[in-house]
Amino acid sequence: MINITLPDSSVRQYPEGVTGVEIAKSISEGLARNVLSIQVNDEIWDATRSISSDSKIKLLTWSDPEGKATMWHSSAHLMAEAIELLYPGVKFGIGPDIENGFYYDIDFGNYPISSDDFPKIEKKILELAKEKQNFLRKDVAKTEAIGYFTGKGDEYKVELLQGLEDGQITFYESGKFTDLCRGPHIPDTSFIKAIKLLSIAGAYWRGDEKRKQLTRIYGISFPKQKELDEFLVFLEEAKKRDHRKLGKELELFAFSQKVGLGLPLWLPRGAALRERLEMFLKKVQKKAGYEQVMCPHIGNVELYKTSGHYQKYGESSFRPITTPVEGEEFFLKPMNCPHHCEIYKVKPRSYRDLPVRLAEFGTVYRYEQSGELHGLTRVRGFTQDDAHIFCTPEQVKDEFKGVMDIVMLIFKALNFKDFIVQISLRDPENKEKYIGSDENWEKAERAIREVAEERGLNTVIELGEAAFYGPKMDFMVNGFHGEGCPWPEMAARHYPG
RNA sequence: GCCGAUGUAGCUCAGCUGGUAGAGCAGCUGAUUUGUAAUCAGCUGGUCGGCGGUUCGAAUCCGUCCAUCGGCUCCA
């Protein structure tokens with residue numbers, strides 16, 4: 001017998017080899033019908049997998065995010081099975097669950113495929129779901145695994161396998177479909193009662209734009225048809241609140257092909273709104289000890305070479321403007337940072353003058369690839385409420401705190417309640433990508449983390465997402481459609497010179 | 001930039017396999033004065049995204065470019 005600790009801390013005894021489904025049955029039949037996967041200690045397992053030692057468990061259902069993830073991951077497998085039956089010979093990339101559903105990256109070879117094919121695929125998936133296929137987990141040796149996918153001609157899987165360690169490779173088999181997969185999966189496919197394929201898109205293999213583009217099919221599934229219907233209504237509602245639609249209807253902003261793509265025109269009502277917001281923000285900044293400054297819209301290329309931005313972003317800026325006689329090169333200002341540094345350097349400063357806080361509503365222009373543009377959230381010309389604080393290393397933490405308090409104050413005023421805070425640190429494997437000393441990086445990273453903790457913020461830490469000059473803290477406000485939308489960002493910076 | 005889709009009146013859209021454009025709402029004119037989006041009648045309004053091609057004839061087929069949308073990549 002082994003001891004199983006349930007989430008309420010009660011301990012029950014079960015025979016060795018007991019499965020999540022069996023534990024669920026011993027609690028209630030209803031739970032057993034709904035259990036999708038099981039958390040065993042810190043891992044998520046198949047609910048049908050045997051547990052052989054004392055464990056702390058949590059049965060996961062549709063109401064748990066992990067349960068949903070299991071369902072969606074299994075749905076990706078099922079979709080792949082359906083596609084393989086309908087389009088023999090296609091090759092598979094990866095097929096994970098995501099925040100809202102799942103996708104699978106597939107090389108369709110010469111099959112033409114479009115969203116018109118979705119109904120056919122959906123129908124096949126539901127057919128297969130009804131077959132109550134089990135997901136069989138198998139440990140496979142690396143050579144055997146490579147052999148299987150080489151034989152099948154799935155070169156993408158072979159490539160994935162080459163990066164994996166022998167002894168940790170598992171296959172999952174459901175119906176006629178076998179996939180390289182860590183799992184876990186739902187007990188059987190009949191849990192999937194409703195499925196909707198949402199969109200089709202190109203996606204580079206392994207996220208590398210130099211490699212082949214596979215066809216990615218997005219979908220979502222539910223344990224009840226009613227939930228799918230509700231989700232579709234939710235999507236419709238989100239469409240109604242799209243800022244692009246509202247901006248047009250309320251006459252806040254517009255775009256003109258003649259002016260250029262990604263260059264918004266602010267209409268009288270939008271400009272009025274923006275003015276009010278700016279006045280409010282400037283008032284807040286003044287109170288917090290910021291001084292307003294102003295800079296021209298162009299700057300000598302040398303300025304950006306000194307700051308390091310040129311080397312990093314020169315290619316993704318508009319081409320330089322050249323003076324007709326002298327041939328000097330100017331950039332359309334892509335960021336305010338180096339200008340503010342020049343303002344700081346206008347006169348000699350004593351440490352007693354610090355911190356110096358400079359703020360500006362600075363308009364910047366960046367070359368964004370045409371396919372990246374999106375309403376007002378991704379444009380080629382925009383105004384940043386930008387500030388730079390010059391302070392001693394000892395003051396970093398307090399200054400960060402101050403900035404965070406301002407952000408919180410503004411969020412409260414604007415009624416932004418639903419947001420997550422992302423702390424972006426440097427990639428410890430690639431330190432040469434960043435400028436500045438290790439010591440200062442560590443100091444800055446520590447300050448950010450400590451402040452976030454002291455303020456009790458719900459944070460996510462991402463390694464390797466820092467800017468080249470310093471760690472960042474981003475506030476992602478969740479819009480109505482639940483998508484993370486980056487809003488304020490603050491960063492500690494090191495400047496050479 | 002890449003993959004896929006879309007592009008018809010101010011807005012939302014219809015127009016099957018080619019025969020020179022339609023509806024609702026908005027707008028205008030008039031009637032109605034009725035309790036709350038949106039009462040009635042009439043009218044105005046479109047080089048069917050641009051350019052080229054096939055055809056006796058193209059919104060419809062082909063090519064190309066542009067823009068938009070969903071993703072990918074990128075995001076100082």
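Remember, it's a predicted structure, so these values are computed and weren't measured experimentally. Chain naming here is simple, since letters A, B, ... match the order of the sequence lines and numbering starts at 1 in each.
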### Message
Could you tell me how far B:A26 sits from B:C65 if I compare only their C1' atoms? Round to whole Å.
### Response
33 Å
#### Entry: Euclidean distance for C1', B:G63 against B:U55 (whole angstrom)
16 Å
### Task
Ignoring backbone atoms, test whether A:Lys245 places a side-chain nitrogen or oxygen under 4.0 Å from the OP1 or OP2 oxygen of B:U12.
no
### Inter-nucleotide P distance (B:G1, B:G19), Å rounded
36 Å
### Query
Looking at residues at least two apart in the chain, or sitting in another chain, which of them share a ring-ring contact (aromatic ring centres under 6.0 Å, His included) with A:Tyr313?
none
### Message
Check this for me: A:Lys123, atom NZ, are more than 12 non-hydrogen atoms of other residues, nucleotides or ligands nearer than 6.0 Å?
### Response
no
### Message
Check A:Arg274 with A:Glu278, please: is the shortest side-chain N to carboxylate O separation under 4.0 Å?
### Response
yes
### Message
Is there, by distance only and without an angle test, a donor paired with an acceptor across the side chain of A:Arg378 and the base of B:C75 below 3.5 Å?
### Response
yes
### Message
Taking only the P atom of each, what is the distance from B:U6 to B:U17 in whole angstrom?
### Response
13 Å
### Query
For atom P, what is the distance between B:C11 and B:C69, given to the nearest Å?
15 Å
### Message
Measuring only the P atom in each nucleotide, how far is B:A59 from B:U20? A whole number of Å is fine.
### Response
10 Å
### Task
Give one of base, sugar-phosphate or nothing for A:Tyr218, where a contact means two heavy atoms less than 4.0 Å apart.
sugar-phosphate
#### Entry: Of A:Phe468 and A:Arg206, the one whose closest RNA chain B nucleotide lies more 5'
A:Arg206
### Message
Within the supplied structure, the quantity of interest is the number of heavy atoms (other residues, nucleotides, ligands) at a distance under 6.0 Å from A:Glu251 CD; does it exceed 12?
### Response
no
### Gap in Å between the two C1' atoms, one belonging to B:G30 and one to B:A14, rounded
30 Å
### Query
With pairs taken as Watson-Crick or G-U wobble and both distances under 3.5 angstrom, which stems of at least three consecutive pairs involve RNA chain B?
B:1-7 with B:66-72, B:10-13 with B:22-25, B:27-31 with B:39-43, B:49-53 with B:61-65
### Query
So which pairs with a foot in residues 70-79 of chain A pass salt bridge (Lys or Arg N to Asp or Glu O under 4.0 Å), sequence neighbours left out?
none
### Task
Using the salt bridge (Lys or Arg N to Asp or Glu O under 4.0 Å) rule, collect all pairs that involve residues 84-98 of chain A, keeping only residues at least two apart or in two chains.
A:Glu84-A:Lys152, A:Lys91-A:Glu155
### Message
Can you see whether A:Tyr103 has A:Arg216 sitting over its ring - NZ or CZ less than 6.0 Å from the centre and within 45° of the normal?
### Response
yes
Would you tabulate the nitrogen or oxygen pairs shorter than 3.5 Å linking the protein to nucleotides 48-50 of chain B?
none

### Query
Would you say a side-chain N or O of A:His374 is under 4.0 Å from OP1 or OP2 of B:G70?
yes
### Message
Treating primed atoms plus P, OP1 and OP2 as sugar-phosphate and everything else as base, which nucleotides of nucleotides 1-6 of chain B get B, S or - for protein heavy atoms under 4.0 Å?
### Response
BBBS--
### Task
Nearest-nucleotide wise, let me know which of A:Tyr365 and A:Ser199 is further upstream toward the 5' end of RNA chain B.
A:Ser199
